[in-house]
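Only heavy atoms go into these numbers, but all of them, side chains included; no hydrogens, no water, no symmetry mates. Order of the sequence lines sets the chain letters (A, B, ...), proteins ahead of strands, with each chain counted from 1.
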Amino acid sequence: MRGSNRRTAAKSTVVAFGPVSRLWWVVLLAMAVLSCHGRAAPTSALARVRAAGVLRWGGDIQGGEPYVYEDSEHGGRLTGFEVELASALARELGVRAQFVQNDWSALIPSLERGTFDVALNGVEVTAQRVGRVRFTRPYYIFGARLMARRDDARILATLASLRGRRVGTLANSYSYELLRGVAEVVPYEGVEEPYIDLVQGRTDAVLLDDIIATRYGEPKPELRVVGDLTDGYYSIAVRPGEADLQQALDRALARITASGELERILRGSNIWSDRERRLLAWTDDDQRRMLGTAAAGQRFGWSHVVLFAKGALVTLLLSALSMCLAIPLGIGLAVTRLFGPKALSRLAGAYVELYRGTPVLLQLYVLYYGLAPIVKLDALPAAVIGLGMNYAAYEAEVYRAGIQAVPRGQMEAALSLGMSLPLALRRVVLPQAFRLALPSVTNDFIALLKDSSLVSVITVVELTKQMTITAVDIRGWALPGALCALMYFLMSYPLSLWAQRLEARLARS
Amino acid sequence: MIEVHELRKVYGERTILGGITATFEKGQVVALVGPSGGGKSTLLRCLNGLESFDSGRVVVGGETLLPGGAKVNRAALHRVRQRVGMVFQQWNLFAHRTALGNVIEAPVHVKGAPLAQATERGRELLARVGLSHREGAYPHEMSGGEQQRVAIARALAMDPEVLLLDEPTSALDPERVGEVLDVLGALAADGLTMLIVTHEMRFAREVSHRTLVLHGGQIIEEGPSRSVIDDPKHERTRAFLGLDRK
């Protein structure tokens, strides 16, 4: 199936060689390259692991306690029930466990490209993943736990009660799949943020694994547990072609489950519940049922293209509004810095340095989550303000350079005609500075188009986020990636052309 | 009209203006001449506050400017500048405005004149400097002489009581100098008060009533233009005018 896809792709690149424009040729080539990578050699994976003497397992420390985390009391030693589990399994295989740090959302792609042997970090068995990787028997059974505000009685422990409500969860998680098509899903990238937003009233409920709910949701006095909707499973993900490694891990898991070691490990982290008893009598039928929910991967179709177009619209709107904020604010900062009283001028300078000198991701975080108790902004306004305030710092420097490039005589002539400083700036200096700055401003706008993808950390679904969501749905990055790139290109290239023409025109006059 | 008392300006070690006292009468055309670095332009720019000074004072039409620059003199400068026009060596036309746009800018936005009225007046002034056919031209499309004539029209549009001209022909191509001097000669004939820093001795001799010779930040000689230029008393004036080489 995948092989035949590959052939079609290769054929179309050949066809594209001739009459189709060079741009398409590049896009198709990129697609072909992307769709070819990531298939491991079909030798024995178990033999490879044994020969290396290490089982490399991928996880993300950021996931935190109790999964995998650095124990601050013991000099940052790696701790967590999955660390213990990996060690126990490696021991059963006769090798050593070696942790490989990897961003959680990219665990499966990294597994596919061979960064590590297995992904073992709260990887939930979802329909989308079953088609992509090979799952061992589960090592933990969780409840998809629904939480709501204590004072909100509308939320009941059924999926149906969530219809039309804003429900937060981790992007591409088991709960995310449950909620899709039912509730208005708000996708997060961290485990703490969904509950912060729920407390703030930005969402109506949060659906996440019981471990996460216990650690991050339940301690909040404003929240209540509504109930657990369904059971879900943590399994170890292995590359599809490595059945022998999966089977060896299954046997090892069975042994440590039978010996009571798994229970000891889970109890050590206080996550052994009645559900876990099912692990003790796990059968092939159970395994089939667990995997059986697997739906066929979606085909990339028009519905995705429409979603992409929506994502692109969000990106464009977000960038345009942010720039509309950044430009006047930047002009204000530049003018204050150059002509304002000393104290204000210093303040403007400090603003520029602060915003240029710290990551925009952090600024978005502080604005959206940090300031939530004081000003409760919705995600999109927060994104516009966050990006706008960040880009204002860059625009301020562009205008400062522009203002300084306007000959001094222009200001002197304006003043000598009786204009006040503000009037001279507004009527004479700034219009000329703006022209000088325009090419740089256009370039900044192009950069902003792409930087706007950062706002997915505060739950805005724009083009890049849409791309990652779709890539999970259709189990492939090539087509969504190429389409996403193409859409960015279609937005930025006309701007780029415009900037070039402007620069040429300015150079002439 | 303009009184200057003990005007002093130093720049680090260097004395730019060494205590200058002078009076400029209404209706007079006064030429400020002398070697480069003598303080002519600085003196001129002190009169409308484009330069600050360290001691002394300047009184323009009853408004007093004190040491300390724009901060101290903000209110006075605002009034002074509406009554005193200035023409620069490098023209300094607003690069983003047409010839007519340059001329009507200040009447409309400083004085609040209605656009139609300012435009009509602007066209008259452009006609007066011989540039009616260039009203839609941008500065970069005009020759230096044309730009300087627009700059003169721009200054006149504010109906100044005094026009300060800072080497108005020094940056022009030689063949363009005449057209600007013709305009200035006509303005002098109409009785406009002008202070002009210039190296055009023949123009100073023919058009200005008085000539002041500045050297090293001091007025070393002054008097009726013909006598100062034809028969200077001070040896440095003679040297500057090249009379001793004959």
Side-chain angles (χ1 to χ4, degrees), chain A residues 327 331 334-346 348 398-442 501-509, chain B residues 41 44-45 47-51 69-71 73-97 101-112 138-141 147 150-160 162-166 171:
Chain A
I327 287 175
I331 292 175
V335 168
T336 308
R337 209 174 174 186
L338 287 173
F339 302 102
K342 193 166 276 176
L344 279 180
S345 169
R346 288 234 178 95
V398 167
Y399 289 117
R400 191 162 73 106
I403 290 169
Q404 286 174 330
V406 173
R408 239 173 83 88
Q410 296 286 313
M411 175 60 98
E412 290 190 345
L415 292 177
S416 77
L417 285 165
M419 292 192 191
S420 61
L421 180 69
L423 185 65
L425 278 172
R426 188 162 61 79
R427 296 288 312 171
V428 176
V429 176
L430 287 179
Q432 295 185 58
F434 192 77
R435 284 187 187 189
L436 293 171
L438 207 46
S440 302
V441 173
T442 314
R501 275 182 45 191
L502 266 177
E503 270 175 281
R505 221 177 65 192
L506 281 169
R508 275 202 306 275
S509 65
Chain B
S41 289
L44 200 70
R45 290 161 60 85
L47 302 185
N48 72 344
L50 287 184
E51 297 273 355
K71 260 191 197 133
N73 300 307
R74 192 180 304 280
L77 273 180
H78 187 62
R79 291 188 291 268
V80 164
R81 284 168 176 167
Q82 291 192 43
R83 297 166 61 181
V84 176
M86 187 150 197
V87 172
F88 299 86
Q89 181 178 354
Q90 295 289 346
W91 325 306
N92 297 347
L93 286 187
F94 302 138
H96 60 308
R97 298 262 180 267
N102 266 275
V103 176
I104 66 174
E105 180 72 26
V108 171
H109 292 282
V110 178
K111 278 192 172 164
Y138 281 90
H140 70 269
E141 298 166 337
Q147 289 190 62
V150 173
I152 292 167
R154 177 176 69 175
L156 293 176
M158 288 294 281
D159 296 314
V162 184
L163 194 57
L164 309 176
L165 301 109
D166 189 3

Please examine the side chains of B:E105 and A:L417, heavy atoms only from C-beta on, and report whether any two atoms are closer than 4.5 Å.
-> no
B:L164 versus chain A, the contacting section by heavy-atom distance below 4.5 Å = neither
Do B:F88 and A:S416 touch side chain to side chain, with heavy atoms closer than 4.5 Å?
-> yes
Chain A contact via B:R74 - side chain, backbone, both or neither, heavy atoms under 4.5 Å | neither
Are any non-hydrogen side-chain atoms of A:E412 and B:M86 less than 4.5 angstrom apart?
-> no
About how many Å separate CZ of A:R408 and CG of B:N92, when rounded to the nearest 0.5 Å?
-> 10.0 Å
Tell me, side chain or backbone of A:L423 under 4.5 Å from chain B's heavy atoms, or both, or neither?
-> side chain
Return the minimal non-hydrogen interatomic distance between B:R154 and A:A413, and the atom names on each side.
-> NH2-CB, 3.4 Å
Which answer fits B:V84, side chain, backbone, both or neither, if we ask what part of it has an atom under 4.5 Å from a heavy atom of chain A?
-> backbone
Count the heavy-atom pairs under 4.5 Å between each of B:R97, B:H109, B:E141, B:Q82 and chain A, then report the option with the highest count.
-> B:H109
What one should report as the nearest heavy-atom pair of A:R427 and B:H96 is O-NE2, 2.9 Å
Please report the shortest heavy-atom distance between B:F94 and A:Q410, naming the atom on each side.
-> CA-OE1, 3.2 Å
